[in-house]
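Below: the structure, in structure tokens.
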There are 2 protein chains.
Amino acid sequence: MTTLLPIAAETGACCAPLVRAPLGADDAVTLATQLKALADPARLRLLSLVAAHDGGEACVCDLIEPLGLSQPTVSHHLKVLVDAGLLTREKRGVWAYFTLVPQALDSIARVLTTV
Amino acid sequence: MTTLLPIAAETGACCAPLVRAPLGADDAVTLATQLKALADPARLRLLSLVAAHDGGEACVCDLIEPLGLSQPTVSHHLKVLVDAGLLTREKRGVWAYFTLVPQALDSIARVLTTV
DNA sequence: TGTCAATATCGACAGCAGTCAATGTCCGAG
DNA sequence: CTCGGACATTGACTGCTGTCGATATTGACA
């Protein structure tokens, strides 16, 4: 679960749009790993909450209450999102601030686009 | 697993872009359900294979060999994709032909886009 | 240094998901 | 009507995932 994605998956698009070129087995695994990180209601809301928060960043304590989950569970989901390259984590003092990784969601969206 | 998505999920977008408006709990579940259907290497390749096949449609027998999975497993994955509103199934004679649902992938991509 | 608060990690548990072999169902050919 | 082939369904097994309580870690502050 702590497995990091290949560099390409974190920095840019993993592959051409699905419907344009046949998806290779390796690319399929990479893309599926990124989508698995997204395919959870709690994690989707975390991304949305972080994006909506002041300054585009939020700490764990900001996210526990609106999500209605325990602190360990929220930390777990945040870790999954960080490992997937969708969020960055910056520790400042006792707090950990999370921010969206620019373009990360867009590069996934681009692979799904059919137009 | 046979649970169908709400009508809105099959016909159009489930919600506004993630980073534009806070994602409600219900929308999060709906969107996560769609993404779960995508978050599997075999299913991603199935979508790609169907799109690349002649006429944009393919039967199960066309998909078993390139995927390297058993026939029941391929049928299972296709069912998941149909239930998620990503593929349509049309039975012609003994064969079942699968086609991409227009705009289905795009509406998911749109929710993920941040621009 | 000792305490408190914010996070992370660990351990355990229940539920779900992917896979296959075996079997059932349905349709066309003969 | 029977047979064979294409596909779906069932049942079973394994491994993964979301969740929480308990505990460890880390840094600010008195």
Subject >> Nucleotide D:dC7, atom C1' - distance to CD of B:Glu65 in whole Å >> reply: 18 Å

Original post:
Any donor-acceptor pair under 3.5 Å linking the side chain of A:Thr114 with the backbone of B:Leu105?
Top reply: no

Original post:
B:Lys91 has an atom NZ; how far is it from atom C1' of D:dT9, in whole Å?
Top reply: 12 Å

**OP:** Find the distance between CG (B:Leu87) and CG (B:Leu46) and round it off to the nearest 0.5 Å.
**Re:** 7.5 Å

Original post:
Is A:Asp106 paired with A:Arg110 through a side-chain N to carboxylate O contact shorter than 4.0 Å?
Top reply: no

**OP:** May I ask you to list the residues sharing a hydrophobic cluster with A:Trp95, side-chain cutoff 4.5 Å, ordered by chain and number?
**Re:** A:Val94, A:Tyr97

Subject >> Distance in angstrom units between A:Glu90 CD and C:dT7 C1', rounded >> reply: 15 Å

**OP:** Starting at atom CG of A:Asp83, determine the distance to atom C1' of D:dC16, rounded to an integer number of angstrom.
**Re:** 16 Å

Original post:
Which of these passes side-chain contact (heavy atoms from CB on, under 4.5 Å) with A:Leu86: A:Val101, A:Leu100, A:Ile108?
Top reply: A:Ile108

Original post:
Among residues 53-62 of chain B, which residues get a heavy atom nearer than 4.0 Å to DNA chain C?
Top reply: none

Original post:
Which part of the nucleic acid, if any, lies within reach of A:Arg92 when heavy atoms closer than 4.0 Å are counted: base, sugar-phosphate only, or nothing?
Top reply: nothing

Original post:
Got a salt bridge between B:Glu57 and B:Arg89, using NZ or NE/NH1/NH2 to carboxylate O under 4.0 Å?
Top reply: no

**OP:** Send over the distance from B:Leu63 CG to D:dA6 C1', rounded to a whole Å.
**Re:** 13 Å

Original post:
B:Arg89 side chain N/O closer than 4.0 Å to the phosphate oxygens (OP1, OP2) of D:dA8?
Top reply: yes

Original post:
DNA chain D: A:Val94 or A:Lys36, which has the more 5' nearest nucleotide?
Top reply: A:Lys36

**OP:** May I have the distance from A:Leu78 (atom CG) to C:dT9 (atom P), rounded to whole angstrom?
**Re:** 12 Å

If you restrict it to nitrogen or oxygen atoms, what contacts under 3.5 Å exist between nucleotides 19-22 of chain D and the protein, and what is each distance?
residue	atom	partner	partner atom	Å
D:dT19	OP2	A:His77	NE2	2.4
D:dC20	OP2	A:Ser70	N	3.0
D:dC20	OP2	A:Ser70	OG	2.9
D:dC20	OP2	A:Thr73	OG1	2.8

Original post:
OH of A:Tyr97 versus P of D:dT26: gap in Å, rounded?
Top reply: 19 Å

Original post:
Tell me, which pairs form a salt bridge (Lys or Arg N to Asp or Glu O under 4.0 Å) where one or both residues lie in residues 17-37 of chain A, sequence neighbours left out?
Top reply: none

Original post:
Would you find a donor on one side and an acceptor on the other, under 3.5 Å apart, between the side chain of A:Asp62 and the backbone of A:Cys59?
Top reply: yes

Subject >> Side-chain donor/acceptor of B:Ser48 to backbone N/O of B:Leu44, under 3.5 Å >> reply: no

Original post:
What residues form a side-chain hydrogen bond (donor to acceptor under 3.5 Å, both in side chains) with A:Thr88, not counting sequence neighbours?
Top reply: none

**OP:** Would you tell me whether B:Ser70 and B:Thr73 have side-chain atoms, one donor and one acceptor, within less than 3.5 Å of each other?
**Re:** yes

Original post:
Which whole-number value in Å describes the distance from B:Ile64 CD1 to D:dA6 C1'?
Top reply: 9 Å

Polar atom pairs (N or O), protein with nucleotides 12-14 of chain C, under 3.5 Å:
none

